[in-house]
Colleague: 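Got a structure for you, written out below as structure tokens; questions coming shortly.
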Amino acid sequence: MKSQLEELLLSALTRMGDGAFASAPRPQTVSIERTRDAQHGDFATNIALRLAKAARRNPRELAQAIVAALPPNPLVARAEVAGAGFINFFLTKRAYADEIARIHAEGVRYGRSTLGAGMRVLVEFVSANPTGPLHVGHGRQAAYGATLAGLLDAVGCSVEREYYVNDAGRQMDIFAVSVWLRYLELCSEELAFPTNGYRGDYVQAIAQLLLTQEGTRFHKPAAAIVAQLPPDGPAGDKEKHIDALIERARELLGRDGFRDVLKVSLAAMLGDIRSDLGEFGVEFDHWTSERALEDSGAIERALARLESEGNLYREEGALWFRAENFGDEKNRVVVRENGQKTYFASDIAYHLQKRERGFQRLIDVLGADHHGYVARVRAGLTAMGEPGESLEVNLVQFVSLYRGTEKIPMGKREGQFVTLRQLRAEVGNDACRLFYLMRSHEQHLDFDLELAKSRSNENPVYYIQYAHARVASVLAQLASRGMHFDRAEGLAHIELLKSAAEELVLQQVARYPEVIETSALNRTPHGLVHYLRELANAFHSYYNAEQFIVADAPLRNARLALVIAVQQVLRNGLALLGVAAPESM
RNA sequence: GCGCCCGUAGCUCAGGCGGAUAGAGCAUCGGCCUUCUAAGCCGAGGGUCGCAGGUUCGAGUCCUGCCGGGCGCGCCA
């Protein structure tokens, strides 16, 4: 609808020709938006106001000329000049009838477009370290990333979803050692658990798994382990302590033995994360391993590429990247004094690899605490000759859990944090997804468990689902009265729908493609949530105002055609959000 | 100290590219079930858009400075 009007307006401007303007109008200057007030018609444009200065003409007079140049169109009943120079468009009933017919014809595909056709996009999200279960913050990133990817797919982009697995590096070693120590406890060894180790019941569960799966072949006496280790914190240096502990594990188990412990731990943790996300309705096309990236030599290649352009230098024994030259606030270490590559090194290699895989647009969904990252990764890409703008980072703000008005404290290491799994078990997947997406991703989220759980009118989840179920209920009622829906007759009589409630539903339901478009382009899934609530609201009002199943067959079928269209749009929208669309409640 | 995000109704929040009288949910108050599910609908009250300047036909929206809150500023990931 909107795009058709834009074309119409553009052709009017073209028809008026260069004579009317200092320069020919470009398509970007054509913008049409929904009106807020029905008195202003269905759509309005401020084009005349914007072009008035360049054309050196009075805005109202210019608007009048544009209206006069508009080619006649069956969708437009009339266009008139209003206010300071707005042009208001009043659509015909036919325009809405066409749109309802389109919804019926396209079904689950309704709302899709080809705006992003040809654009290959990689959406990387969650990517939580596999050293513990996902927490509620990851859940929000999962919901956001999955829906964003779905929206981009809906506007025609070729989208792939990716989880980057940080399975290399020190944190992973610490995790493996933590599992090993718990395993030794199961073998009846008595040891002090390191301050920096991973606590939490899940570590012990994995230790148990290790024991059942691999037997006691990793059993070493406690005395051999603690012998001559530097003291742990707080008295000693907890970092040195844990590093020594990792080294000791490698000595005692052998490199292969330690790697086996790590492998089992990683597989168990990753399995848990994957199933957690799967149950949450979040699937990935790729699980990219940092270790595999390193083994493939990608990091060396990335560093070589930086080196060849003279963007690396040595200082105090470390190898540095001149990030400052590419917009970052300081230079960054890529290889430490001890010869180990930094996380940043693998990260830029990873992003280079994404480009090499042919993605034009790299979207990273990250927790808000990672914002310091953006400039340096972009600097890395630029320095390697890739366009910095190809990287787009969407930061997702934190989640605070409330039980009513009481805030739930969330400490990370203490094992006291609430996991995504716990949250899902308590409030259900649907409420989780919707609550996560209700607010702008760049806004802190207060998540009230009581509200999300309540089966009452306070809970926005049911409001939308209920509208969908109600339509199903109407159709069941229709069948039980021995009637059936005649689609052809209904679509042929949309003009009979002219009450205020009906006009509002027609207008809302036809807005869906525009909502998908703006939500995708602005990366704002919450726009879709707000829209679905408004559509449900229009429907519920209609339901209360009018009886659908009436004796008059053309009117009955027209009304049913409309509410079935509403149901289809609700279903399509909820599917994008990952929320169920129940037939009954 | 520097950088990023945020500040809109009692509470939680919407308000692409600057546009017409700033919206919604919850809460409060008052109505609607002999009629397709009341998990619903209708109505009312409620605002110095943090503060102060600036840009212009027009600013919640853009710019500058303050105030308040969150986060980040490692040879950690």
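Each chain gets a letter, A, B and so on, in the order the sequences are listed, and its residues count up from 1.
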Colleague: Is B:rC17 in the syn or the anti form, by the rule that syn lies within 90° of 0?
Modeller: anti
Colleague: Is there a donor N/O on one and an acceptor N/O on the other, under 3.5 Å, for the side chain of A:Asp369 and the base of B:rG72?
Modeller: no
Colleague: Which nucleotide sits closest to the side chain of A:Tyr463: B:rC36, B:rG70, B:rG40?
Modeller: B:rG40
Colleague: Taking only side-chain nitrogens and oxygens of A:Lys330, does any of them come within less than 4.0 Å of OP1 or OP2 of B:rG3?
Modeller: no
Colleague: Once the angle between the rings of A:Phe548 and A:Tyr543 is folded into 0 to 90°, is it parallel (under 30°), tilted (30 to 60°) or perpendicular (over 60°)?
Modeller: perpendicular
Colleague: Classify the side chain of A:His371 versus the base of B:rC5 as yes if they form a donor-acceptor pair under 3.5 Å and no if they do not.
Modeller: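 Per atom types, no contact qualifies.
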Colleague: Across all strands shown, which nucleotide pairs with B:rC4 by Watson-Crick or G-U wobble geometry, both distances under 3.5 Å?
Modeller: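 Paired with B:rC4, as far as the under-3.5 Å criterion goes, is B:rG70.
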Colleague: May I ask you to verify if any side-chain N or O of A:Gln443 is less than 4.0 angstrom from the OP1 or OP2 atom of B:rA14?
Modeller: yes
Colleague: Less than 4.0 angstrom between a side-chain N/O of A:Asn537 and OP1 or OP2 of B:rC41, yes or no?
Modeller: yes
Colleague: For A:Lys238, does the NZ atom sit with more than 12 other heavy atoms under 6.0 Å from it, leaving out its own atoms?
Modeller: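 No, not enclosed.
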Colleague: If you only use heavy atoms from C-beta on, which nucleotide in B:rC36, B:rA77, B:rC5 is closest to the side chain of A:Gln397?
Modeller: B:rC5
Colleague: Where the side chain of A:Glu329 is defined as all heavy atoms beyond and including C-beta, which of B:rC75, B:rC73, B:rG40 is the nearest nucleotide?
Modeller: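 Within the option list, the nearest is B:rC73.
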Colleague: May I ask you to decide whether A:Lys2 forms a salt bridge with A:Glu517, counting only side-chain N to carboxylate O separations under 4.0 Å?
Modeller: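 A:Glu517 and A:Lys2: not salt-bridged.
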Colleague: Answer yes or no: does a side-chain N or O of A:Thr524 lie under 4.0 Å from OP1 or OP2 of B:rG16?
Modeller: no
Colleague: Under 4.0 Å between a side-chain N/O of A:Arg439 and OP1 or OP2 of B:rA24, yes or no?
Modeller: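 The answer is no; no side-chain N or O of A:Arg439 sits under 4.0 Å from OP1 or OP2.
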Colleague: Out of B:rC76, B:rA39, B:rG19, which nucleotide sits closest to the side chain of A:Tyr462?
Modeller: B:rA39
Colleague: Which label fits A:Tyr350 and A:Tyr164: parallel for a plane angle under 30°, tilted from 30 to 60°, or perpendicular past 60°?
Modeller: parallel
Colleague: Given that both distances must come in under 3.5 Å, which nucleotide forms a Watson-Crick or G-U wobble pair with B:rA38?
Modeller: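 Matched B:rA38 with nothing under the 3.5 Å cut-off.
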Colleague: So which nucleotide from B:rA39, B:rC75, B:rG40 ends up closest to the side chain of A:Glu316?
Modeller: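 Nearest to the side-chain atoms of A:Glu316, counting from C-beta on, is B:rC75.
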Colleague: Has A:His526 got a side-chain N or O lying under 4.0 Å from the OP1 or OP2 atom of B:rG15?
Modeller: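 A:His526 to B:rG15 OP1/OP2: side-chain N or O found under 4.0 Å.
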Colleague: Scan A:Ala545 against the nucleic acid and name what it touches under 4.0 Å (heavy atoms): base, sugar-phosphate only, or nothing.
Modeller: nothing
Colleague: Regarding B:rC41, can its base be found pairing with the side chain of A:Glu546 as donor and acceptor, where the two atoms are less than 3.5 Å apart?
Modeller: no
Colleague: Can you check whether A:Arg470 has a side-chain N or O nearer than 4.0 Å to OP1 or OP2 of B:rA38?
Modeller: yes
Colleague: How close do A:Ala580 and A:Gln465 get, heavy atom to heavy atom, and via which atoms?
Modeller: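 Scanning both residues completely, I find the closest heavy atoms to be O-NE2, 2.9 Å.
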Colleague: Which of these nucleotides, B:rA39, B:rA77, B:rC41, is closest to any side-chain atom of A:Ser541?
Modeller: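 Side chain of A:Ser541 sits closest to B:rC41.
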